[in-house]
Amino acid sequence: VIWGQRSNGKSYSYIKYALENYKNSGRTFVYIRRWAEDIVVKNMEKLMSPLPITKIFGEDATVKFLRGAFWLHREGADPECLGWTIALNQVAHTKSQTFINAQVVILDEFLSLAGERVIRDEFSQWEQTLSTILRTTQDAKIFLLGNSVSKYSPYFTPYGIDPNSIKQEEIKVIELPNE
């Protein structure tokens, strides 16, 4: 669970980590947002645009977002799927999907803003999403990213996290059983 100020590089850092992980291991990632409206081509291309794609994959590399997935394009090669996107409010539509070779899971904006509409049974939707993604992997790395504008999240209580007890720059490790 990572939270901090707006625009301090949380999404950038963990998506870069996911891309480097793909380069080094061939393992894909899943990028999750709360709302389907956040997962549109314009937003996903904007998400990828500041990343050092050519530094990671080579001078001829580009990443494009198409039909809910990020695709690596290189001259003279078939596109490679780097990762997928999921919207928690549409989890029922992803239950039959297989997220091949996924290892990195990123839930971006897991902290709710004051007055933001909520997803009914959001934590249950999250668990169903994880169940779908993790049915083919046992070694996932899961990152929940959020802005410190709010300290409310439906994930804190089930994971035993008291956000008020964590001080700035403090790192707490919470191990959860792999059930």
Side-chain angles (χ1 to χ4, degrees), residues 1-111 119 122 125-147 155 171 176 178:
V1 174
I2 299 95
W3 73 78
Q5 297 174 358
R6 247 183 233 291
S7 300
N8 71 353
K10 295 176 297 296
S11 299
Y12 175 95
S13 296
Y14 287 92
I15 293 169
K16 182 176 178 245
Y17 170 83
L19 296 173
E20 290 170 340
N21 186 61
Y22 177 84
K23 180 185 179 194
N24 296 327
S25 69
R27 303 291 300 275
T28 57
F29 70 94
V30 180
Y31 179 78
I32 304 168
R33 294 292 299 254
R34 187 175 277 117
W35 304 105
E37 303 93 86
D38 294 329
I39 302 175
V40 295
V41 173
K42 180 180 80 170
N43 291 350
M44 296 301 100
E45 287 180 353
K46 196 168 155 182
L47 183 71
M48 285 289 170
S49 66
L51 289 151
I53 302 301
T54 57
K55 198 177 249 184
I56 297 169
F57 295 111
E59 289 301 316
D60 64 340
T62 59
V63 173
K64 298 189 189 295
F65 182 73
L66 179 67
R67 293 190 199 114
F70 295 100
W71 296 89
L72 175 63
H73 292 263
R74 294 187 243 204
E75 202 172 300
D78 290 338
E80 300 171 41
C81 182
L82 298 169
W84 299 268
T85 58
I86 296 176
L88 286 178
N89 72 319
Q90 293 186 339
V91 70
H93 303 292
T94 59
K95 288 181 183 178
S96 62
Q97 278 185 266
T98 300
F99 298 92
I100 300 164
N101 216 13
Q103 183 176 44
V104 176
V105 178
I106 300 168
L107 173 57
D108 208 351
E109 304 294 348
F110 86 102
L111 293 169
I119 295 174
E122 182 173 331
Q125 302 295 335
W126 165 248
E127 286 184 314
Q128 290 178 46
T129 301
L130 280 182
S131 174
T132 298
I133 297 166
L134 303 180
R135 72 174 158 229
T136 60
T137 187
Q138 295 298 309
D139 63 347
K141 296 175 182 168
I142 303 166
F143 303 100
L144 283 68
L145 312 178
N147 295 314
Y155 304 88
I171 297 172
L176 302 172
N178 184 6

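We use all heavy atoms of the structure for the numbers below, so side chains are in, but hydrogens, waters and symmetry mates are not. As the structure is a computational prediction, the values presented were derived from the model and not from experiment. Residues take their numbers from the sequence shown, with the count starting at 1.
Applying the side chain to side chain donor-acceptor pair (under 3.5 Å) rule to R33 yields the partners Y31; only residues at least two apart in sequence or on another chain are considered. Scored by the salt bridge (charged side-chain N to carboxylate O under 4.0 Å, His left out) test, R74 finds E80 as partners (sequence neighbours excluded). Residues passing the side chain to side chain contact (heavy atoms under 4.5 Å, CB included) test with Q97, sequence neighbours excluded: T94, F99. Remark: K23 pairs with I56, F57 by the side chain to side chain contact (heavy atoms under 4.5 Å, CB included) rule, at least two apart or across chains.
A distance of 6.5 Å separates CD1 of I15 from CG of L51, quoted to the nearest 0.5 Å. Note: I100 CD1 to T137 OG1 = 12.5 Å, rounded to the nearest 0.5 Å. The distance from atom OG1 of T85 to atom CZ of F29, rounded to the nearest 0.5 Å, is 9.0 Å. A distance of 9.0 Å separates CG in L145 from OG in S13, rounded to the nearest 0.5 Å. Rounding to the nearest 0.5 angstrom, the gap separating the CG atom in L47 from the OH atom in Y12 is 11.5 Å. Between atom CG of residue L82 and atom CD1 of residue I53 there is a gap of 7.5 Å, rounded to the nearest 0.5 Å.
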Does R135 form a side-chain contact (heavy atoms from CB on, under 4.5 Å) with T98? I'd like the steps, not just the answer.
CA-CA 8 Å; R135 72 174 158 229; T98 300; 4.1 Å; yes
Salt bridge (charged side-chain N to carboxylate O under 4.0 Å, His left out) between E122 and R34, intermediate numbers included
CA-CA 9 Å; E122 182 173 331; R34 187 175 277 117; 3.0 Å; yes
Would you please test T132 and I86 for side-chain contact (heavy atoms from CB on, under 4.5 Å) and show each step?
CA-CA 11 Å; T132 298; I86 296 176; 6.0 Å; no
Walk me through it: do L144 and Y155 pass the test side-chain contact (heavy atoms from CB on, under 4.5 Å)?
CA-CA 9 Å; L144 283 68; Y155 304 88; 4.0 Å; yes
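In N24, the CG atom is crowded: over 12 heavy atoms of neighbouring residues, nucleotides or ligands sit closer than 6.0 Å.
Counting heavy atoms from C-beta on, the side chains of F143 and S11 never come closer than 4.5 Å. Using a 4.5 Å cut-off on side-chain heavy atoms (C-beta onward), F110 and W126 make no contact.
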N/O donor to acceptor pairs below 3.5 angstrom from side-chain atoms of residues 60-73, sequence neighbours left out:
unit_1: D60; atom_1: OD2; unit_2: E75; atom_2: N; d: 3.1
unit_1: W71; atom_1: NE1; unit_2: L66; atom_2: O; d: 3.4

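Taking both residues in full, the closest heavy atoms of C81 and T28 are given as O-CG2, 3.5 Å, listed atom of the first, atom of the second, then distance. Across all non-hydrogen atoms, the minimal contact from A18 to V104 is CB-CG1, 4.0 Å. The nearest pair of heavy atoms linking I32 to T129 is CD1-CG2, 3.8 Å. For the pair N89 and A36, the tightest heavy-atom approach, listed with the atom from each and the gap, is OD1-N, 3.0 Å. Of all heavy-atom pairs between K10 and G146, the closest is CE-O, 3.1 Å. Annotation for I39 and M44: closest pair CA-CE, 4.1 Å, computed over non-hydrogen atoms.
Listed by first and then second residue, the side chain to side chain donor-acceptor pair (under 3.5 Å) pairs that reach into residues 37-58 are E37-R117, sequence neighbours excluded.
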